[in-house]
Amino acid sequence: MVVAVHQLAAAKDVAAIPALITVLGYNNPGAAVAAVDGLVTLGQDAVPALLEQIDGYNYGARAWAIRAVALIGDPRALPVLLETAKGDFALSVRRAAVRGLGTIDWAKLPADKAALSQQAVLGVLIGAAQDPEWVVRYAAMASLEGLAKALAEPETQKPPILACLQQSFHHDETPAVQARACRALETLGELADATN
């Protein structure tokens with residue numbers, strides 16, 4: 001099956017989108033990875049079908065679909081990513097959505113709409129930084145870094161990002177999350193402030 005999905009993905013044909021999405025629901029991680037790769041290669045053409053067919057019952061399929069839309073970075077996925085990041089019961093799905101919020105291609109939105117959407121994303125990411133699962137908090141650190149680099153209104157939105165990163169760097173109970181917050185602060189040129 002994995003070979004067949006790789007071949008289907010390699011065709012780079014939009015007609016393969018429904019079949020690739022169907023594969024996300026199989027209990028076959030190798031085939032799912034190949035399907036995600038194929039969907040990501042097809043880019044924004046795959047987004048409408050992915051958003052329509054996100055499986056509300058199969059959390060594995062939902063996690064793979066969220067991962068695909070996250071890697072594509074299309075802003076049309078924002079409502080689904082925001083809702084999923086706020087409270088999906090499956091940590092793998094929440095983690096994928098939180099990570100996806102840091103990979104949005106903001107250039108595809110008008111500046112005023114980007115600023116409003118970024119404010120909504122910021123609120124969800126600050127909440128995700130307190131998630132009980134460390135992998136979700138780790139994803140939040142990466143996404144806060146990505147968001148900080150793309151801000152439409154940095155003067156108002158960057159300070160809460162930096163405060164959240166510094167809080168996690170100093171106080172998160174998981175060393176991996178602390179390290180990811182440290183890396184984000186370093187990348188953003190704020191590490192000296194964080195270590196004081």
Side-chain angles (χ1 to χ4, degrees), residues 1-105 108 121 124-125 128-129 131-147 149-150 174-177 179-181 183-184 187:
M1 177 189 290
V2 175
V3 172
V5 176
H6 274 291
Q7 291 172 343
L8 187 60
K12 298 179 183 176
D13 185 347
V14 294
I17 291 171
L20 292 171
I21 291 173
T22 299
V23 170
L24 301 177
Y26 299 159
N27 189 16
N28 187 324
V33 167
V36 167
D37 289 345
L39 291 163
V40 171
T41 299
L42 292 167
Q44 61 185 18
D45 290 335
V47 172
L50 277 163
L51 294 176
E52 282 176 21
Q53 297 180 40
I54 288 179
D55 192 327
Y57 299 102
N58 181 337
Y59 76 87
R62 199 165 62 252
W64 290 113
I66 292 291
R67 186 171 298 162
V69 295
L71 288 168
I72 294 167
D74 192 303
R76 290 176 292 178
L78 271 170
V80 169
L81 293 174
L82 287 165
E83 189 60 34
T84 303
K86 281 193 267 185
D88 197 278
F89 74 90
L91 77 93
S92 61
V93 179
R94 256 189 350 269
R95 184 208 125 347
V98 167
R99 186 64 191 104
L101 291 172
T103 60
I104 297 296
D105 184 353
K108 292 183 178 175
V121 167
V124 170
L125 290 178
D131 195 276
E133 299 291 344
W134 77 267
V135 293
V136 177
R137 297 194 310 274
Y138 185 96
M141 299 302 105
S143 290
L144 284 165
E145 177 187 329
L147 180 61
K149 292 177 182 176
T174 306
V177 176
R180 188 60 185 90
R183 180 176 160 206
T187 301

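Remember, predicted model here, so these are calculated numbers, not experimental data. All heavy atoms count here, side chains included; hydrogens, waters and symmetry mates do not. Residues take their numbers from the sequence shown, with the count starting at 1.
- With hydrogens and angles disregarded, no donor-acceptor distance shorter than 3.5 Å links the side chain of Ser143 to the backbone of Leu101.
- In this structure, CG in Leu125 is found 10.0 Å from CZ in Arg99, a value given to the nearest 0.5 Å.
- No side-chain heavy atom of Arg183 sits less than 4.5 Å from a side-chain heavy atom of Met141.
- In plain terms, the two heavy atoms of Ala128 and Val98 that are nearest each other are CB-CG2, 3.8 Å.
- Looking only at side-chain heavy atoms (C-beta outward), Leu24 and Leu50 come within less than 4.5 Å of each other.
- Ala129 and Ala140 make their closest contact through N-CB, 3.8 Å (heavy atoms, listed as atom of the first residue, atom of the second, distance).
- By the 4.5 Å heavy-atom criterion applied to side chains, Leu71 and Thr103 are not counted as neighbours.
- Nearest heavy-atom pair across Ala63 and Ala96 is O-CB, 4.1 Å.
- Taking 4.5 Å as the limit, some side-chain heavy atom of Leu81 sits within range of a side-chain heavy atom of Ile104.
- We find the CD-CD1 distance between Glu52 and Ile21 to be 8.5 Å, quoted to the nearest 0.5 Å.
- For the pair Asp88 and Ile66, the minimum side-chain heavy-atom distance is 4.5 Å or more.
- Val80 has its side chain out of reach of Val69: every pair of non-hydrogen atoms, C-beta onward, lies at least 4.5 Å apart.
- In this structure, the separation between CG on Asp13 and OG1 on Thr41 is 12.5 Å, given to the nearest 0.5 Å.
- The shortest non-hydrogen separation linking Ala31 to Val2 is N-CG2, 3.6 Å.
- Using a 4.5 Å heavy-atom threshold, the side chains of Val3 and His6 count as separate.
- Summarising the geometry, atom CZ belonging to Arg180 is positioned 15.0 Å from atom OG1 belonging to Thr174; distances are rounded to the nearest 0.5 Å.
- For Val14 against Leu42, the heavy-atom pair with the smallest separation is N-CD2, 4.1 Å.
- The two residues Val5 and Ala35 make their nearest non-hydrogen contact at CG1-N, 3.6 Å.
- With rounding to the nearest 0.5 angstrom, the CG atom of Leu20 is 13.5 Å from the CH2 atom of Trp64.
- With Asp131 as the fixed residue, the side-chain hydrogen bond (donor to acceptor under 3.5 Å, both in side chains) test singles out one of Arg137, Arg94, Arg95: Arg94.
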